[in-house]
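The first residue of the sequence shown is numbered 1, and numbering continues consecutively from there. Start at 1 and go down the list; that is how both ligands and their atoms are numbered.
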Amino acid sequence: MALADFQEKHLPVVEKELLNFLQEQTSEPILLEAMNYSVKAGGKRLRPLLLLAVVAGFQKEITTGAYQTAAALEMIHTYSLIHDDLPAMDDDTLRRGQATNHVVYGEALAILAGDGLLTEAFHLLSRAQVPASEKLLLLQLLAEKAGAKGMVAGQVADIQGEGQQLDLAGLAAIHRRKTGDLLTFSLLAGGILAQQDPAVLTVLEQLAQHVGLAFQIRDDLLDVVATPEEVGKTTGHDAVAGKNTYPGLLGLEGAKKALATELAQASGKLTTMSQEYAFDTSLLQELLAKFEM
Ligand code: GRG
């Protein structure tokens, strides 16, 4: 199945699980409105897509539990964007092509909308229709990748690195956690839901590291070369904020080369998965091709 058909078939189900759960679990209408505002603002749903594409690549049925796990993952991602945009963090006014959450609802509600999404993500996953042993693993992994040695730690390191000159290893150490860890969860969760053993999960994790770096380098490049209309958020922001970026360290051409290298390495991991674990790589290859610049 082509990626566009796969998206059209499966992403609306993730959406339904997510929106229904928030609706059922929220008792304050303005909180629901603020959470829905960012959820419905039209993100690419890259992380749910990666998760579901891995399940499909192992030729397993996409169950309700997989949709619920993907919905929980997107809730965590959306919370991170709301909080990242706050005046105390990146202080951004445009996200997903719309005014950021705090611009519309004020800072207090934006913080609470993020808190609500974060907490309800774990609530949804804890109730997901997934066998208990896999569910426990998914809960632990999501906490680890989103938490204090994962995405949150990466965000702290990023803030502390502002205005300092980092080297490539320092930059990678930030992004491996800030952006990479949630992408890693996306791929590993697909493997766990497809009941793969640890050896396969190790290859998935290696694949995720290349995907994560490629994604970040591309995001840095877009901040330099794209318009706000193209990416739905303010651009040129990194330079103003004194952020360490791949184009800043490597130059535009060097960053493009680094992106191509990461994508080639990701593709190599996919070949290994196809040869050794009968993994159908077509969806992920098509998705990775979209990262090329
Ligand atoms: C606030 C704890 C906390 C963490 C924030 C993810 C993150 C950490 C900050 C976002 C900053 C940023 C723009 C990072 C670059 C990579 C990234 C996560 C881009 C946004 O993800 P997309 O492109 O967004 O998948 P959509 O809107 O399509 O879902």
Side-chain angles (χ1 to χ4, degrees), residues 7 11 14-15 18 37-51 70-71 73-102 107 110-115 117-119 121 142-162 171-172 174-186 208 211-224 226 228 230-241 243-247 255 259 262 287 290-291 293:
Q7 273 177 256
L11 288 184
V14 176
E15 221 65 15
L18 201 172
Y37 174 79
S38 290
V39 167
K40 290 180 179 173
K44 296 180 291 295
R45 306 301 193 238
L46 172 65
R47 293 151 193 80
L49 202 53
L50 283 169
L51 185 154
L73 170 58
E74 187 64 20
M75 285 159 78
I76 300 263
H77 169 59
T78 304
Y79 120 73
S80 82
L81 298 181
I82 296 174
H83 281 191
D84 185 65
D85 290 333
L86 287 167
M89 297 215 201
D90 255 9
D91 195 10
D92 250 312
T93 53
L94 188 67
R95 167 75 65 185
R96 293 177 164 175
Q98 295 192 20
T100 46
N101 199 291
H102 65 270
E107 268 186 73
I111 292 169
L112 291 164
D115 293 340
L117 285 166
L118 168 59
T119 311
L142 185 57
E144 183 188 319
K145 298 300 182 193
K149 70 173 179 185
M151 183 178 72
V152 175
Q155 179 79 346
V156 170
D158 190 26
I159 289 169
Q160 293 208 309
E162 273 171 32
L171 191 59
I174 290 176
H175 294 310
R176 198 186 59 243
R177 292 171 293 170
K178 181 181 145 184
T179 313
D181 274 354
L182 215 53
L183 291 169
T184 300
F185 176 83
S186 315
V211 172
L213 265 185
F215 182 78
Q216 185 62 50
I217 298 170
R218 184 171 183 276
D219 197 73
D220 284 359
L221 278 165
L222 287 175
D223 192 69
V224 180
E230 283 166 333
V231 290
K233 59 183 179 178
T234 45
T235 52
H237 191 81
D238 292 341
V240 175
K243 290 239 172 180
N244 290 284
T245 65
Y246 284 90
L259 170 61
E262 291 303 327
L287 193 54
K290 289 184 184 292
F291 285 18
M293 281 182 80

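In terms of protein heavy atoms, atom 14 (C) of ligand 1 is closest to K178 CE, 3.8 Å. The shortest contact between atom 15 (C) of ligand 1 and any protein heavy atom is with D219 OD2, 3.1 Å. Protein heavy atom in closest approach to atom 6 (C) of ligand 1: S80 OG, 3.4 Å. Scanning the protein heavy atoms around atom 16 (C) of ligand 1, the nearest turns out to be F215 CE2, 3.5 Å. The nearest heavy-atom contact from the protein to atom 25 (O) of ligand 1 is R47 NH1, 2.8 Å.
At under 3.5 Å, not a single nitrogen or oxygen of Q155, backbone or side chain, sits near a nitrogen or oxygen of ligand 1. Polar contact check, D84 against ligand 1: no nitrogen or oxygen pair lies under 3.5 Å apart. Checking only distances, K44 does come within under 3.5 Å of ligand 1, N or O to N or O.
In this structure, K243 does not pair ionically with D223, as no charged nitrogen and carboxylate oxygen lie closer than 4.0 Å.
Less than 4.0 angstrom separates some heavy atom of H83 from each of these atoms of ligand 1: 1 (C). The atoms of ligand 1 that sit less than 4.0 Å from any heavy atom of R96 are 26 (P), 27 (O), 29 (O). In the vicinity of G43, heavy-atom distances shorter than 4.0 Å reach the ligand 1 atoms 26 (P), 27 (O), 28 (O), 29 (O). Near K233, with a cut-off below 4.0 Å to any heavy atom, the atoms of ligand 1 are 13 (C). Applying the 4.0 Å criterion to heavy atoms of Y79 picks out, from ligand 1, the atoms 2 (C). Each of the following atoms of ligand 1 lies closer than 4.0 Å to a heavy atom of T179: 16 (C).
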Sequence neighbours left out, cut at 3.5 Å: what donor-acceptor pairs do the side chains of residues 39-49 make with other protein atoms?
residue	atom	partner	partner atom	Å
R45	NE	E15	OE1	3.2
R45	NE	E15	OE2	3.4
R45	NH1	E74	OE2	2.9
R45	NH2	E15	OE2	2.6
R45	NH2	V39	O	2.6
R47	NH1	H77	NE2	3.3

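In this structure, T100 contributes its side chain and D92 its backbone to a donor-acceptor pair below 3.5 Å. Using modelled atom types, one side-chain atom of D220 and one backbone atom of Y246 make a donor-acceptor pair closer than 3.5 Å.
Atoms NE2 and CZ, from H175 and F215 in turn, are 11.5 Å apart once rounded to the nearest 0.5 Å.
A 4.5 Å side-chain heavy-atom check between P228 and T234 finds every atom pair outside the cut-off.
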